Amino acid sequence: MVRFIEENTKLVEKETGNKSNNDVTTTKKKVLQDLSINNGGGLINSWVDSMRACSPTHLKSLLKQSSWLTEHPSALDMFEEILHLSEGKQIVMFLDYDGTLSPIVDDPDRAFMSKKMRRTVRKLANCFPTAIVSGRCREKVYNFVKLTELYYAGSHGMDIKGPEQGSKFEEDSKSLLCQPATEFLPMIDEVYKKLVEKTKFTPGAQVENNKFCVSVHFRRVDENNWSDLANQVRSVMKDYPKLRLTQGRKVLEVRPIIKWDKGKALEFLLESLGYANCTDVFPLYIGDDRTDEDAFKILRERRQGLGILVSKFPKETSASYSLQEPDEVMEFLQRLVEWKQLRSGA
């Protein structure tokens, strides 16, 4: 396990060679935090503390809300500035699902988006290339959204498919398919079954098979039982060194250890659309989760486009702007559609 952490830390050092020491240290801490569940012992307690820290009800930011909003102002308030930054460039939209297009709910199977949001996203996709990038299984997200004109990237970007009806922004988008973790499918399925069995006596725990990853939801689990849940997950994960555990909003994510995430999915989709080395493209990524930070960081590194974090609470983020909830996301998207329609004379 120590060797495994060292190897991943070296990989982080290699990938962040041009960053400051503070940035590298922060990234190392994240790697150790994500992997600590596999080691057990005292690290379980620190890992549970991390679970609390990821829960909005326990967030204790060192920055006041007003100070944080100065750094990450409302994308609605700064709408004209965002349009100015995108002037003369092709906007490409990337949207998370849970907590972004739909509200966060206790039962993940009931995370429905509103009809008004669906209409807004449909209009958006008619104006700009639009992708849904989610930790959910691609098929599940599609069943929630039910729009054939979108690109869908499920399982944190490990399952990407072009629009069912093709896209006016890409000649061969209908045949687009990218699944870089196919070899892990039998292992993921096996871990899913074991986690269901292990956690079945923990009230509120829900294990979701997202094809290329497994999600353990603890939103309905009493906080006093989080340590037990952590131990249950660890007892399964210790036998699978090729899988890693990360955290989201009251969810634990079991994923293959491959160099692929939402940021890589964003880059793949931009390349598929013909914008790999273009300066006249402006990606906009809107998301609410820790896993969306991989995409926000890519945009910062590329110095291209921008990220918008959906959150009512101050959080450390690489996003440039913020929105508080899905209703604000919908208003922002509606404004984009109206602006595009005015420019095109529609």
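As the structure is a computational prediction, the values presented were derived from the model and not from experiment.
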Do Leu273 and Pro129 have side chains that approach each other closer than 4.5 Å (heavy atoms only, starting at C-beta)?
yes

If we ignore angles and hydrogens, is there a donor and acceptor under 3.5 Å between the side chains of Lys140 and Tyr97?
no

Look at the side chain of Ser114 and the backbone N and O of Met117, then say whether any donor-acceptor pair between them is shorter than 3.5 Å.
yes

Report, as yes or no, whether the 6.0 Å neighbourhood of atom NZ on Lys198 holds more than 12 heavy atoms from other residues, nucleotides or ligands.
no

Are Ile91 and Leu85 connected in the hydrophobic side-chain network, where two residues link if heavy atoms are under 4.5 Å apart?
yes

Using side-chain heavy atoms (C-beta onward) and a distance below 4.5 Å, is Leu176 in contact with Phe268?
yes

Ignoring hydrogens and angles, state whether a donor on the side chain of Thr246 or Arg290 is under 3.5 Å from an acceptor on the partner side chain.
no

Do Val105 and Val329 belong together in a cluster built from hydrophobic side chains that touch within less than 4.5 Å?
no

Does the pair Glu331/Arg335 count as a salt bridge with the N-to-O cut at 4.0 Å?
yes

Kindly say whether Asp292 contributes a backbone atom to a donor-acceptor pair with the side chain of Asp289 at under 3.5 angstrom?
no

Euclidean distance, Lys116 NZ relative to Asp327 CG, rounded to 0.5 Å
8.5 Å

Between Tyr192 and Glu208, do the side chains contain a donor N or O and an acceptor N or O under 3.5 Å apart?
no

Would a distance-only check, ignoring hydrogens and angles, find a side-chain to backbone donor-acceptor pair under 3.5 Å from Glu328 to Gln324?
yes

Hey, does the side chain of Trp260 reach the backbone of Ala181 with a donor-acceptor pair shorter than 3.5 angstrom?
no

Has Thr130 got a side-chain atom pairing as donor or acceptor with Phe128's backbone, closer than 3.5 angstrom?
yes

Spell out, as yes or no, whether a donor-acceptor pair under 3.5 Å connects the side chain of Arg255 to the backbone of Ser155.
no

Kindly say whether His217 contributes a backbone atom to a donor-acceptor pair with the side chain of Ser215 at under 3.5 angstrom?
no

Under 4.0 Å between a side-chain nitrogen and a carboxylate oxygen: does that hold for Glu253 and Arg244?
no

Should Ile104 and Phe112 be counted in the same cluster of Ile, Leu, Val, Met, Phe, Trp and Tyr side chains packed under 4.5 Å apart?
no

Electrostatic pair Glu190:Lys193 at N-O distance under 4.0 angstrom:
no

Which atom names give the shortest non-hydrogen contact between Leu269 and Ala131, and what distance separates them?
CD1-CB, 3.8 Å

If we check side chain to side chain donor-acceptor pair (under 3.5 Å) with Gln304, which of these qualifies: Arg300, Glu301, Arg302?
Arg302

Would you confirm whether Ser320, through its side chain, and Leu306, through its main-chain N or O, come within 3.5 Å as a donor-acceptor pair?
no

Taking Val251 as the starting point, is it possible to reach Ile188 by hopping between hydrophobic residues whose side chains are less than 4.5 Å apart?
no

Provide the closest heavy-atom pair for Lys211 versus Asn209 in the form atom of the first, atom of the second, distance.
N-OD1, 2.9 Å

Taking atom types as modelled and ignoring hydrogens, do the side chains of Glu71 and Tyr321 form a donor-acceptor contact shorter than 3.5 angstrom?
no

Return yes if some donor-acceptor pair links the side-chain N/O of Asn210 with the main-chain N/O of Cys137 below 3.5 Å, else return no.
yes

Indicate yes or no: at least one non-hydrogen side-chain atom of Lys123 is less than 4.5 angstrom from one of Leu333.
no

Side-chain heavy atoms of Ile132 within contact of Leu101, under 4.5 Å
yes

For residues Phe184 and Phe212, establish whether the separation of their ring centroids is below 6.0 Å.
no

Quick one: do Glu164 and Lys161 make a salt bridge, cutoff under 4.0 Å?
yes

When you measure from the side chain of Asn225 to the backbone N and O of Val221, does any donor-acceptor pair fall under 3.5 Å?
no

Between Glu87 and Arg343 (salt bridge meaning N to carboxylate O under 4.0 Å), is one present in this structure?
yes

Parallel, tilted or perpendicular: ring planes of Tyr285 versus Phe296, cut at 30 and 60 degrees
perpendicular

With a cut-off of 6.0 Å (strictly less than), are more than 12 heavy atoms of other residues, nucleotides or ligands near CG of Asn277?
no

Could you check whether any side-chain heavy atom of Leu83 comes within less than 4.5 Å of a side-chain heavy atom of Phe282, counting everything from C-beta outward?
no

If you take all heavy atoms of Pro283 and Leu299, which pair is closest and at what distance?
CB-CD2, 3.7 Å

Interatomic distance, Ile286 atom CD1 to Thr100 atom OG1 [nearest 0.5 angstrom]
7.5 Å

Do Arg138 and Tyr152 meet the cation-pi criteria used here (NZ or CZ under 6.0 Å from the six-membered ring centre, within 45° of the axis)?
no

Audit row: Lys262, Asp96, salt bridge (charged side-chain N to carboxylate O under 4.0 Å, His left out) steps and yes/no
CA-CA 10 Å; Lys262 289 185 176 182; Asp96 181 31; 3.4 Å; yes

